[in-house]
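Notes for the one structure printed next.
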Amino acid sequence: MRLRYKPWASEKIGEYPQYVVAQPEEKKGKWNKEFGNDNPIHIEVGTGKGQFVTEMARANPDVNYIGIELYESVIVTALDRLIEAGLPNVKLLNVDAGNLTEYFAEGEVGRVYLNFSDPWPKNRHEKRRLTFKSFLKLYEDILIKRGEIHFKTDNQGLFEYSLQSFSWYGLHLKFLSLDLHNSEFEGNIRTEYEEKFSAKGQRIYRVEAQFQNG
């Protein structure tokens, strides 16, 4: 993804601490207090421009959502979307997902969403894939017992790799679709990328994988 540098992004992000949480490591183990309720917490790793996390929060007011995005020039668009929506059950984190255990306590998260992650197709970049075993360990550490990863992609190679990675790690594949938009699955919230790829006639792959701990 080619990023357009937005020099004003950092300043704008700083103006909305109610949406983009600064120093999230201080909220570790206290996210329900941050939201002011005891509702489940679901996170999206790589939230991009925020369409998915915002619409999920709108559709499920009894769930708290946290969108995680590394790039300021991308998350500022998600912030604009969130300001417009005015939803109380969404927060954004401008941090590196490789440090998830610094921001969330053990068992604090109810579900992890991975949508259209960078496929990092070269073998030497395998460790950067968000479904690589080191990332699965991070998710397992912060998820509730038998927590789930919900993964969507248009990339067949990444999907096949991820299924293998999930299986090797011992996750149970609860739901699997090789053509989501032509399946009977209901309630799918689309991302910006999903709409673009689907319009080009590309298949969307989806899987729900559950940890077998506990």
Side-chain angles (χ1 to χ4, degrees), residues 1-118 128 130 135 138-139 141-143 149-152 188-197:
M1 178 176 63
R2 181 177 296 177
L3 300 179
R4 183 167 64 88
Y5 178 60
K6 300 175 182 178
W8 45 267
S10 179
E11 182 178 354
K12 181 165 185 176
I13 289 169
E15 292 173 355
Y16 291 90
Q18 69 272 38
Y19 292 131
V20 186
V21 179
Q23 299 177 311
E25 62 276 4
E26 296 180 358
K27 309 297 182 182
K28 180 177 179 177
K30 306 173 185 176
W31 284 105
N32 281 118
K33 183 177 180 180
E34 176 73 11
F35 281 101
N37 58 55
D38 292 323
N39 293 338
I41 295 170
H42 294 181
I43 69 173
E44 183 187 18
V45 179
T47 203
K49 296 179 180 180
Q51 178 169 304
F52 178 83
V53 75
T54 301
E55 293 308 313
M56 286 293 286
R58 195 192 309 275
N60 302 284
D62 56 345
V63 177
N64 298 320
Y65 291 90
I66 299 176
I68 298 167
E69 175 57 49
L70 177 60
Y71 299 106
E72 288 182 343
S73 294
V74 178
I75 202 171
V76 73
T77 302
L79 172 59
D80 285 338
R81 192 184 298 275
L82 191 49
I83 293 169
E84 181 179 355
L87 298 168
N89 59 326
V90 192
K91 304 287 183 184
L92 300 173
L93 303 186
N94 184 206
V95 298
D96 187 339
N99 302 318
L100 283 176
T101 53
E102 295 182 14
Y103 313 124
F104 300 99
E106 181 179 351
E108 191 168 22
V109 175
R111 183 177 297 166
V112 172
Y113 290 97
L114 304 175
N115 294 314
F116 301 89
S117 309
D118 192 324
R128 299 184 184 184
L130 293 181
F135 279 103
L138 289 176
Y139 309 147
D141 286 346
I142 64 173
L143 278 167
I149 299 170
H150 290 194
F151 174 64
K152 284 195 292 186
N188 180 51
I189 300 293
R190 300 191 182 196
T191 77
E192 297 91 346
Y193 277 122
E194 185 172 354
E195 290 181 342
K196 182 175 73 172
F197 296 140

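For the pair A97 and V45, the tightest heavy-atom approach, listed with the atom from each and the gap, is CB-CG1, 3.4 Å. Taking every heavy atom of both residues into account, E69 and G48 meet most closely at OE1-N, 2.9 Å. Between P24 and V95, the shortest heavy-atom contact is CG-CG1, 3.8 Å. Taking both residues in full, the closest heavy atoms of S117 and F151 are given as OG-CE1, 4.3 Å, listed atom of the first, atom of the second, then distance. Of all heavy-atom pairs spanning E15 and Q18, the tightest one is O-OE1, 4.2 Å.
To the nearest 0.5 Å, atom CG of residue L93 and atom CD1 of residue I75 are 7.0 Å apart. Atoms OG1 and CG, on T54 and L92 in that order, are 7.0 Å from each other to the nearest 0.5 Å. Atom CD1 of residue I142 and atom CD1 of residue I41 lie 10.0 Å apart, to the nearest 0.5 angstrom. One finds the CD1 atom of I43 at 8.5 Å from the CG atom of L114 (value rounded to the nearest 0.5 Å).
For N37, the side-chain contact (heavy atoms from CB on, under 4.5 Å) partners at least two apart in sequence or on another chain are N32, F35, N39, N64.
Here the side chain of R81 pairs a donor or acceptor atom with the backbone of K49 at under 3.5 angstrom. The backbone N or O of N60 lies less than 3.5 Å from a partner atom in the side chain of N89, making a donor-acceptor pair. Formation of a donor-acceptor pair under 3.5 Å by the E108 side chain with backbone atoms of K30 is found in this model. Checking side-chain atoms of E44 against main-chain N and O of Y113 turns up no donor-acceptor pair under 3.5 Å. Within the 3.5 Å criterion, the main-chain N or O of E25 finds no donor-acceptor partner in the side chain of Q23. A distance-only check finds a donor-acceptor pair linking the side chain of Q51 to the backbone of R190 [under 3.5 Å].
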Requested in this report: Using the side-chain contact (heavy atoms from CB on, under 4.5 Å) rule, take I83 and Y19 through it: C-alpha gap first, then chi angles, then the decisive distance, then the call.
Outcome: CA-CA 8 Å; I83 293 169; Y19 292 131; 3.9 Å; yes
Requested in this report: Apply salt bridge (charged side-chain N to carboxylate O under 4.0 Å, His left out) to the pair E55 and R58, showing each step before the final yes or no.
Outcome: CA-CA 5 Å; E55 293 308 313; R58 195 192 309 275; 3.2 Å; yes
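Between K152 and the options T191, N115, N188, a side-chain hydrogen bond (donor to acceptor under 3.5 Å, both in side chains) holds for only N188. For the pairing with H42, the ring pair (Phe, Tyr, Trp, His ring centres under 6.0 Å) check across W31, Y139, Y65 returns one residue only, Y65.
Within the 4.5 Å cutoff, the side chain of L100 has heavy atoms near those of the I68 side chain. Counting heavy atoms from C-beta on, the side chains of L70 and D96 come closer than 4.5 Å. Taking the side chain as every heavy atom from C-beta outward, F104 and I66 approach each other to under 4.5 Å. Side-chain contact between M56 and V63 is absent, with no heavy-atom pair separated by less than 4.5 Å.
Using a cutoff of 4.0 Å between basic side-chain nitrogens and carboxylate oxygens, E34 and K27 are scored as salt-bridged.
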